[in-house]
Structures are given as structure tokens and as C-alpha cells.
Amino acid sequence: MDVSPRDEQVAAEAAVERPGPMQWWRTAVVYQVYPRSFADGNGDGVGDIAGLRSRLPYLQQLGVDALWINPWYPSPMADGGYDVADYRDIEPDFGTLAEAEALIAEAHGAGIRIIIDLVPNHCSSVHPWFVEALAAEAGSPARERFHFRDGRGADGSDPPNDWQSRFGGPAWTRVTEPGGMPGQWYLHLYAPEQPDLNWDNPQIRSEFEAVLRFWFDRGVDGIRIDVADGLVKEPGLPDGAGFDPARGVPWSDRDGVHEIYRSWRRIADSYDGDRVFVGEMWIPDAERFSMYLRPDELHTAFNFDFLSCPWDGTALRTSIDTTLQLNEPLGAPATWVLSNHDVTRHVTRYGKENTTFDFADRRHGAPNDPALGMRRARAAALLTMALPGSVYVYQGEELGLDEIENLDDSLRQDPVWERSGHTDPGRDGCRIPLPWSTEASSLGFSPSGTTAAPWLPQPAHWAQVSAAVQENDPASMLALYRSAIAIRKRRRGLGGTGFSWMKSEPGMLAFTRGDGFAFALNLTDEAMVLPDHTSVLLTSTALAGGCLPPDGAAWLAVAPEQD
Ligand code: NOJ
């Protein structure tokens, strides 16, 4: 075979600049696909696997290393697929198991790994196990798979404890017994259509171990674990009121959960090809959070501390330091996440007066400055992609999509809207089908000629930020993401763990990553002089007379540090 000098150069670069294949998850750029809203291949207005397969070239060009696909299992969609009716099949609206297998193979062919979403805390109320439990008696083995309890009060009409659903209202629903009388209650930390599974029951443990193997056998490279902190409950299910705050809360982060992940890790490790877990835990205590990342547990977990952090130099610096310091001794890579399908899109968040994210105070409707939000979002992209660890990109973030806050209330589908008594608008605003082109009916979300409308309406202004429009604009958000990901792949230091803050003026966040790379972010209201550099690699905004404008970020080549 002839090898041209150019091929040799590419091969040499690949050898030194790519993290080893056994380490892919330490530095990966992972693109989150919310399948209902990514791309519709069959023209029914709902995104599907066919649509995702047709857009693999786009994702390959973006340069992402892996996809995380939100739940794709058969589901009544009471909570966007987080109510799973069958863990070993595909939702018919999304396609078939054969199509999922074809997607995995095609993605692998394109150099893209696949992470799927597992929902072990609860299943759907139409899952055969729950149907069986409803038909069975109190105390039966079928009910033992869930948390069924008698109610309190003389006639059992009060819930068994004071726990609240995270979607609002009590975390318990009373069932009508087979004989027609009101009977026991069952626990659901989320919607009533999502009964919590009882992880003290060995059958649940073995079932999920089998489910892990089912998907690993089909070639998936990783598993995102939904509500990873919630599986084990405090024995006896005590009230939250009066529970010793030093011991946390009785429904989350119980010590017993770690044994589950140790057994799962053994399964992942028994497969070839470096299969990984990413945990979803909204745990305020950073030390407790890091315990999930011990070497025999989860490989990674979403860094929600950083996601929730305000756009403020001191707060950002503290969050970065805390993350790196906690992860370092565990040998676990940090993750950097700005948005996902549960939170307000960060272009909108960063344009508000209060730039933090908090579920309890979603601040929908608070005014926002779109231009300011966009400037900060561009800088935040360069910040996260310059930090050591892996990066998550939520679909549409690379287009700079905003949160749609004026959705008609009658169209809202997120159960949060109803369960909160219409006080929390829910998460539909970050789940609007993507704009691929300016094509009139669905902005290219569905094939042209489709008459079915997208399952949530797209705003007219998204035509101008569609992928097709940004494709031809070197100043677009899409171009920025493509360039940043490409540089990140080329520069060896960015895949490493080296990191040190540089001395800088107050209001500037600046750090080096070794290998002659430096990052600078201006968090003041005035343009600032860049740190010493040999060349500018990439900026989030045009420099002004060589200076970095407010909310601007720059990637710099600097003279390599001397030993
Ligand atoms: C976290 C998921 O990200 C969210 O979308 C879902 O509603 C809850 N877990 C319950 O499964």
C-alpha cells in the first residue's frame, strides 16, 4: 500500500494526539440526542432512529466522539420515555430493535460511540410487573417488586409517609384493589405513571444486570444511569420531616446504592472495548457525589454543580476547582455540561439577570437579553471545551438555540406542568424539534412533503438559526463548535489532565493546559488585554484592537512552559 507523506503525517498526529482507545470517555465530546426532537425520518412529526441515522454525517462533521440517546424504549410517554414499559425493545414511534442495531453499527463505522439511557429507579405503570402487582394481593411477591404500603390513619386514607414527588404533589398514589375497594399505596418519586422499583428485591437486581448485558451484547459503549442516587431508600421509608439532616434525605443517596454500581462495574469490565457508565445525580454534597466515582463504581457523572453555576468569575473558578480537586484523587475525569433536556437552555439562562439554574425556581418568563446570552454561551462553549475531562453538548446547543418560553399552555406535555398545579411550566421549552433548514412546514425536521406537524411547534425565528443557514456562515455558533472540537482533537494537551490558573487581571479567568495552550475569558464590562501568546487559535467573538471584549473567550497558543 502506498503511504503518502500527508497520510504519514495524519497517522503520526493520530498516534500522539488522540487519547488511547481505552480512554475514550476521559476526553470525549458527547452529543446528547433527545430522539423525539432530533430528526423525523418517517414523516409522523416525531423524531426517530431513521432520522438520527440520516443525520450521522452531520454529527460526524461536528466531530463528536459519542452520542448519548435519551430513553428509546416502548413507553406511554407519560414522562418523555422515562416511563419504560419494556427495557429490551424500542418504542415503535422511534423504530425497531433492528434499526437500533443498525444505528449502533453505522455510528461505530463513523467513529462515533453510543451511550444509551437506563432508567432503573422506576418503570412505567404499564410495565407487565406493575400490571401484575396491581392485580395481586397486598404482601404478594408481585407487590414486593415495588414499594406498596398500607396508608396511615384509621381507614388508611393518608399516604404512608410525607415524601413529595419531584414533579409536585405526594409521592404516593392509592390503588383500587382487585375487589374494587380503596387499598394500598405505592411509591413514585416522579409521576404516578412511574412506580419506584424495590431494589431490596434480588429479582430487580438480577433483571437489571440482564438488561445491562442485553445492551452491551448489542454493542453499546456506555450507559447513562437515570436518578442514579435514588435506587436504594432508607429502610422503613421514614418521614423526611424529622430525619437527621446530617444523614441526608431518606429517599436519596443511601449508602447501599454503591454496592449496585460495584456489581454493574464488574459487568461493564467483563466486556471488551471499554464500556462506561455516566451517573445522573443531583446531589448537593460534593464529597458524597464523588463517592460514586470511586474506581470500582461509575466512570463518570454529570457535573451539575458547574451547570447550575452563575456566570460569575469567582463562582465559575470555585466550581472548576472543586470539580478538579474532587475528581483528581479518584482518577475520574470531570464532565462539563451546560444544558440538557431537563434545564433551561443556557443561551436563555445566561441572558437573564439571575444566571444560575435551579429546579425549584425555573424563572421562566424572567426577561432575558438574547444577545448577551449568546455572547456568554459562545464563551462558555470555549471554556468547557478547554477544561480537562469530557464535554456534553445538548442537541441544538451547537446552533445556539434558545429556550422557548412562550409555548401555548395547551400544548405543554411535560407532566411537571400539571403536577405543579401550573406553577412550573416544565421542560418542553428545551425539547422543541430541531431546525435543520428554512423549509416551511417543519424547518427540515421531517422529510419534505410531510403534512404531520412536529410534535411541539417550532418558533419562526429558528429558520434563521437552522443548521443549513449556519452551515454557510463562518461566524455562526455551528462553525465555532466545529472549530473548537477539531482543535480539541488535534491538541494533545487538551486531552490530558494538566491544568493551572494563570496570573491575570481581576475579572479575567485564564488558565494553561500544558502543551503551549492557554485559555482566557473576560468577565468584566471592559475589553481586556490578552495574556501573552504566540498566536490566537480561536475566539468566541472578534477581538477589538487585539483586546478581548466583555464576555469573550480566547484559545491561545503560548510559549511552552519551562521546567
Ligand atoms: C431525570 C431525567 O433526566 C428526567 O428527564 C426524568 O424526568 C427523571 N429523571 C425521571 O426519570
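Read the numbers this way: they start at 1 and go in the same order the structure lists the ligands and their atoms. By convention here, the first residue in the shown sequence is residue 1. Given the structure is predicted, the values throughout are model-derived calculations rather than measurements.
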**Message:** I need the contact type for His188 against ligand 1. Using non-hydrogen atoms and a strict under-4.0 Å cut-off, is it side chain, backbone, both or neither?
**Reply:** neither
**Request:** List the closest protein heavy-atom neighbour of atom 7 (O) of ligand 1: residue, atom name, distance to the nearest 0.1 Å.
**Result:** Asp79 OD2, 2.6 Å
**Request:** Determine, for Arg265 against Asp296, whether the closest basic-nitrogen to carboxylate-oxygen distance falls under 4.0 angstrom.
**Result:** no
**Request:** Could you tell me whether His341 and ligand 1 have an N or O pair separated by under 3.5 Å?
**Result:** yes
**Prompt:** Among Tyr31, Phe302, Tyr394, which residue meets the ring pair (Phe, Tyr, Trp, His ring centres under 6.0 Å) test with Trp68?
**Reply:** Phe302
**Message:** What I want to check is whether the side chains of Asp409 and Trp417 have a donor and an acceptor closer together than 3.5 Å.
**Reply:** no
**Asked** Does Arg149 make a cation-pi contact with Trp172, if we ask for NZ or CZ under 6.0 Å from the ring centre and within 45° of the axis?
**Response** no
**Complete:** atom 3 (O) of ligand 1: closest protein heavy atom, distance to 0.1 Å, is Asp342 OD2, 2.5 Å
**Item:** Closest protein heavy atom (residue, atom, distance) for atom 9 (N) of ligand 1
**Value:** Asp226 OD1, 2.8 Å
**Request:** Inspect the contact between Arg412 and Asp428 and indicate whether a charged nitrogen and a carboxylate oxygen are less than 4.0 angstrom apart.
**Result:** no
**Asked** Between Arg53 and Asp48, is there a side-chain N and carboxylate O pair less than 4.0 Å apart?
**Response** no
**Asked** Hey, are Asn303 and Thr335 close enough side-chain-wise for a donor-acceptor pair under 3.5 Å?
**Response** no
**Asked** Can you list the atoms of ligand 1 that are under 4.0 Å from a heavy atom of Arg431?
**Response** 5 (O)
**Prompt:** Can you tell which part of Tyr34 has a heavy atom less than 4.0 Å from ligand 1: side chain, backbone, both or neither?
**Reply:** neither
**Prompt:** Which of the atoms in ligand 1, numbered in the order shown and given with their element, are less than 4.0 Å from a heavy-atom of Arg427?
**Reply:** 4 (C), 5 (O), 6 (C), 7 (O)
**Message:** Under a 4.0 angstrom heavy-atom cut-off, which atoms of ligand 1 come close to Val227?
**Reply:** 9 (N)
**Item:** Proximal ligand 1 atoms for His122, defined as those under 4.0 Å from one of its heavy atoms
**Value:** 10 (C), 11 (O)
